[in-house]
Amino acid sequence: MTESTFDVVVIGAGPVGENVADGAVKGGLSVAIVESELVGGECSYWACMPTKALLRDAAALRAVRHLPGANAAVTGELDPTAVLARRDAFAAHWHDDGQVAWLDSAGIELVRGVGKISAPRTVEVTGAEGSTTVLTARHAVVVATGSGARIPHVPGLADAAPWTSREAASAQAVPGRLAVIGGGVVGAEMATAYAALGSQVTMIARDGLLPTVESFASDLVAETLKAHGVTLHLRTEPESVHRDEAGTVHVRLVDGTTFDADEVLVATGRTPNTAAIGLEHVGLTPGDWLRVDESLRVLGSDGTPVDDGWLYAAGDVNHRVLLTHQGKYQARALGETLVARAGGKPVDLEPWGRHAATADDRAVPQVIFTDPEIASVGHTAASAAAAGLRVRAVEYDLGAVAGAGLHADGYTGRAGMVVDEDRKVLVGFTVVGPDVAELLHAATIAITAEVPIDRLWHAVPAYPTISEIWLRLLETYGRSA
């Protein structure tokens, strides 16, 4: 057994843990980071990067086919083997040498193994060979262990060797028939990807397709999925799943519908990776999400920080927002918070303060890389009303904007914005259409800066670009007053 002391110990070397560690080291603190799998975490190897690589080739081919001159140059179909090979490259072939080299260059100590809190400010790491390393933190222990796929309790499902998001992102062959259980982001994106790669895809979505986005966006994605041959079973769920000896998966729905598949992907939500990190030693329940305050200190059952406030949690594990970029945002704030507190300096946790993750509540941006793409930030009309805001929502046909017509023949899309009528500021924006992801940051800035609607009128969009949608939305808003 070896023992070492650092200012900060981080459990989990995904993008969140890496950013916490980097911020703390840049502020002069010593940091050890513990990782039981690949440095770089879920996003690098089984989520953001490989999944978007799976989707990109098909999106580019669709774009070409909506331009007559470019389409004339296209011969043949999508090459699944080449798509998978490019995906492998973006996942670094599931080797973390490059990320480990970055940790070393940043001055962050990597400890391989399973980290478990064993006492206040103490993390015990069990290595692959059974070795034990005890890490003591002078100031803080940060849990950044992320989340894993949740498998619902459907008879036979667990025994059917289902895919989770990991297997879908790293598969080395395209199944002839793929069943997707779940209509959220993972399910919709992977249905899009595998349908393009040649799978016969069947989706089961109990709560509907993409139920948390504006209906005008999810409806358009549903139409496109069906046009690509995807069978949608909405507002129903599996009754049983069985994989036979030949490998065929048999699915029966509660409405009596049956069908077969070669693989079944479960995309029904996430569960926190906290079952084996020693939460019982600090009075918390293993397997629970970690509730945090605005400085990301972990809270006990009484709502106060655990012990004297040395335990923190960032990223998925605190259940604020389960998105990589929001986890990294939290991590950047937390790294600076740790440095400030270690140096006895004040921490600014007021809304939009330097150390506050205010955007988690008010301005979360997300792109869903379906066909067509959905980009959104802040509230939907429904979520704003549920939050008690007095709002007005307006929509506009994105395909009617000159830039969209130039971008692609037959361009189809829609945009909407949600305005807080009491403050006259934008609180929500959603757009759906081909290649709309890059429109999102303008809306994110408008919402976080709380730019008055009257001032946005003077942000003139260049002509002829798709960004002219802002002018059309503002005009529609003005006419509906």
Side-chain angles (χ1 to χ4, degrees), residues 6-27 29-48 96 99-100 102-103 106 108-118 121-125 135 137 139-148 270-279 282 284 286-299 305-306 309-339 341-342 355 357 360:
F6 295 84
D7 292 322
V8 178
V9 177
V10 180
I11 307 175
V16 175
E18 289 177 318
N19 274 272
V20 172
D22 188 42
V25 166
K26 286 178 176 175
L29 302 182
S30 60
V31 180
I33 195 165
V34 180
E35 179 54 56
S36 60
E37 294 188 290
L38 297 177
V39 174
E42 203 79 12
C43 179
S44 298
Y45 307 104
W46 302 287
C48 318
D96 63 1
Q99 304 252 20
V100 172
W102 176 81
L103 286 180
I108 301 165
E109 182 77 16
L110 172 63
V111 182
R112 297 270 194 186
V114 177
K116 185 174 184 178
I117 298 166
S118 57
R121 290 188 173 82
T122 304
V123 176
E124 188 173 293
V125 184
L135 304 173
H139 298 294
V141 172
V142 179
V143 178
T145 49
S147 64
R270 308 290 289 178
T271 187
N273 292 332
T274 62
I277 62 170
L279 293 184
V282 290
L284 300 174
D288 278 0
W289 299 101
L290 297 179
R291 192 160 56 104
V292 297
D293 66 13
E294 280 305 300
S295 70
L296 305 183
R297 272 179 166 159
V298 176
L299 302 176
V306 169
W310 55 267
L311 184 62
Y312 295 78
D316 280 15
V317 76
N318 65 30
H319 209 230
R320 287 169 65 108
V321 184
L322 276 65
L323 292 168
T324 296
H325 48 272
Q326 291 301 125
K328 292 166 69 174
Y329 162 70
Q330 292 176 18
R332 292 190 294 271
L334 179 52
E336 295 196 11
T337 296
L338 297 176
V339 171
R341 283 182 169 157
H355 306 101
D360 284 351

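Residue numbers count from 1 along this sequence.
Contact between W289 and R270 at its shortest, heavy atoms only, is CZ2-O, 3.5 Å. Of all the heavy atoms in I11 and G115, the pair that sits closest is CG2-O, 4.3 Å. For T324 against P15, the heavy-atom pair with the smallest separation is CG2-CG, 3.8 Å. Heavy-atom minimum distance, L338 versus A140: CD2-CB, 3.6 Å. Nearest heavy-atom pair across G148 and N273 is N-OD1, 3.4 Å. Shown here for L322 and S147, the closest heavy-atom pair between the two residues is CD2-OG, 4.3 Å.
In this structure, the side chains of K26 and V339 stay at 4.5 Å or more apart for every pair of heavy atoms. Put simply, the side chain of E18 reaches to within 4.5 Å of the side chain of W102, judged on heavy atoms. At least one side-chain heavy atom of L279 sits less than 4.5 Å from a side-chain heavy atom of L290. A heavy-atom distance below 4.5 Å is not found between the side chains of V123 and V111.
Judged purely by atom type and a 3.5 angstrom limit, Q330 uses its side chain to pair as donor or acceptor with the backbone of G315. Proximity of a side-chain donor or acceptor of D96 to a complementary backbone N or O of V100 within less than 3.5 Å is not detected. Counting only distance, with no hydrogens or angles, the side chain of E35 and the backbone of A13 share a donor-acceptor pair below 3.5 Å.
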Exercise. For L38 and W46, what are the C-alpha separation, side-chain angles and deciding distance, and is it a side-chain contact (heavy atoms from CB on, under 4.5 Å)?
Worked result: CA-CA 11 Å; L38 297 177; W46 302 287; 3.9 Å; yes
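Here the rule is side chain to side chain contact (heavy atoms under 4.5 Å, CB included) with W310, and of V8, V298, V141 only V141 fits it.
Atom OG1 of T337 and atom CZ of R297 lie 9.5 Å apart (nearest 0.5 Å). Residue L284 holds its CG atom at 9.0 Å from OG1 of T274, rounded to the nearest 0.5 Å.
A salt bridge is defined here as a Lys NZ or Arg NE, NH1 or NH2 lying under 4.0 Å from an Asp or Glu carboxylate O, and R320 with E294 meets this definition.
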